[in-house]
Amino acid sequence: MEKLNDVLKDLIIEKDLSLRTIAKESDVSSNQYSKYLRQSIPSINVAMKICNYFECSLDYLCGLTLNKTKSNYTNFDVNKFIENYEKLLSKNHISHYKFAKEMNISESCLRHWKYGKSPTLNIVCKIAVGLSTTINNLII
């Protein structure tokens, strides 16, 4: 996740537009962009808006790949995420409890997700790396 602000800086430079213009066109405020450029992490839904605007994937934005492949994200569906996450755990023959311990993720997060709370972008990135998959495989 430390690369997110660097990738975002590069994407903004590529657009060659003011931050104010980018903010208007992407439906993400310039104040939010300023925070993200200083190491703050966007929510997963805001990150999706940023990726849609810059025509890149969440994996690219988070620095997990150099391939900018365009993705078209809609609102985050926590139920689809849980379904994909549980399939990947099963495929890797690991329980949520063991995986959470190995990845230093709270074991109670699965319960929170099942009650509709979205995971943080940091957690989604950790899970993707830990299960050797892409963020898109987790959320789409």
Side-chain angles (χ1 to χ4, degrees):
M1 290 304 303
E2 358 11 275
K3 294 184 179 185
L4 185 138
N5 69 319
D6 291 330
V7 172
L8 187 56
K9 285 176 193 173
D10 290 343
L11 290 169
I12 290 169
I13 290 168
E14 281 177 24
K15 279 287 188 187
D16 195 28
L17 297 171
S18 72
L19 200 53
R20 179 172 279 140
T21 301
I22 290 170
K24 284 180 189 174
E25 293 178 356
S26 67
D27 195 30
V28 177
S29 76
S30 57
N31 286 340
Q32 286 175 291
Y33 277 112
S34 294
K35 288 192 311 190
Y36 308 144
L37 291 169
R38 290 188 314 265
Q39 305 288 344
S40 184
I41 306 298
S43 71
I44 195 144
N45 283 315
V46 171
M48 289 174 155
K49 287 180 183 181
I50 292 170
C51 289
N52 286 340
Y53 178 74
F54 288 106
E55 299 181 335
C56 67
S57 69
L58 284 165
D59 292 285
Y60 182 81
L61 181 66
C62 293
L64 299 179
T65 183
L66 297 176
N67 184 352
K68 194 175 174 181
T69 305
K70 178 183 176 181
S71 291
N72 188 20
Y73 299 105
T74 57
N75 287 332
F76 183 78
D77 181 346
V78 71
N79 293 319
K80 185 69 175 168
F81 165 75
I82 292 170
E83 178 184 325
N84 292 339
Y85 171 66
E86 288 177 337
K87 282 180 187 175
L88 286 164
L89 287 176
S90 178
K91 180 180 173 186
N92 285 283
H93 309 290
I94 189 168
S95 69
H96 168 71
Y97 177 78
K98 184 175 179 184
F99 181 73
K101 286 287 186 192
E102 288 177 5
M103 298 304 297
N104 197 25
I105 300 170
S106 168
E107 308 93 55
S108 65
C109 62
L110 186 58
R111 181 171 21 92
H112 295 293
W113 301 336
K114 286 187 176 183
Y115 286 112
K117 183 176 180 190
S118 295
T120 64
L121 188 56
N122 279 343
I123 295 296
V124 174
C125 287
K126 272 187 171 184
I127 291 170
V129 170
L131 293 174
S132 301
T133 191
T134 65
I135 295 172
N136 280 356
N137 283 342
L138 280 168
I139 66 170
I140 296 177

Result block: side-chain N/O donor-acceptor pairs under 3.5 angstrom for residues 93-100, not counting sequence neighbours:
{"from": "Ser95", "atom 1": "OG", "to": "Lys98", "atom 2": "N", "distance (Å)": "3.0"}
{"from": "His96", "atom 1": "ND1", "to": "Tyr85", "atom 2": "OH", "distance (Å)": "2.6"}
{"from": "His96", "atom 1": "NE2", "to": "Glu107", "atom 2": "O", "distance (Å)": "2.9"}

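In this structure Lys80 satisfies the salt bridge (charged side-chain N to carboxylate O under 4.0 Å, His left out) test together with Glu83, sequence neighbours excluded. Every residue meeting the ring-ring contact (aromatic ring centres under 6.0 Å, His included) condition with Phe76, not counting sequence neighbours, appears here in chain and number order: Phe81. In this structure Lys49 satisfies the salt bridge (charged side-chain N to carboxylate O under 4.0 Å, His left out) test together with Asp27, sequence neighbours excluded. The salt bridge (charged side-chain N to carboxylate O under 4.0 Å, His left out) check on Glu102 picks up nothing, with sequence neighbours excluded. Every side-chain contact (heavy atoms from CB on, under 4.5 Å) that Lys24 has, sequence neighbours left out, goes to Arg20. Evaluation of the salt bridge (charged side-chain N to carboxylate O under 4.0 Å, His left out) rule for Glu86 yields Lys114 as partners, not counting sequence neighbours. The ring-ring contact (aromatic ring centres under 6.0 Å, His included) check on His112 picks up nothing, with sequence neighbours excluded.
A donor-acceptor pair under 3.5 Å is formed between the side chain of Asn92 and the backbone N or O of Leu88. Ser26 places a side-chain N or O within 3.5 Å of a backbone atom of Ile22 that can act as its donor or acceptor partner.
Sequence neighbours left out, not one pair with a member in residues 12-37 passes ring pair (Phe, Tyr, Trp, His ring centres under 6.0 Å). Annotation: side-chain hydrogen bond (donor to acceptor under 3.5 Å, both in side chains) contacts involving residues 50-67, sequence neighbours excluded, comprise Glu25-Tyr53, Asn67-Thr69. Residue pairs meeting the salt bridge (charged side-chain N to carboxylate O under 4.0 Å, His left out) criterion with at least one partner in residues 129-140, sequence neighbours excluded, are absent. Residue pairs satisfying the salt bridge (charged side-chain N to carboxylate O under 4.0 Å, His left out) criterion with at least one member in residues 129-138, sequence neighbours excluded, are absent.
Listed here is the closest heavy atom pair of Ser106 and Cys109: O-SG, 2.9 Å.
No more than 12 heavy atoms of other residues, nucleotides or ligands sit less than 6.0 Å from atom NZ of Lys70.
Partner of Leu131 under the side-chain contact (heavy atoms from CB on, under 4.5 Å) criterion, out of Val129, Thr134, Ile127: Ile127 alone.
Taking a cutoff of 4.0 Å between a charged side-chain nitrogen and a carboxylate oxygen, Lys68 and Glu14 qualify as a salt bridge.
Checked by atom type, the side-chain pair Tyr73/Asn136 shows a donor-acceptor distance below 3.5 Å.
Between the CG atom in Asn122 and the CD1 atom in Ile44 there is a gap of 10.0 Å [rounded to 0.5 Å].
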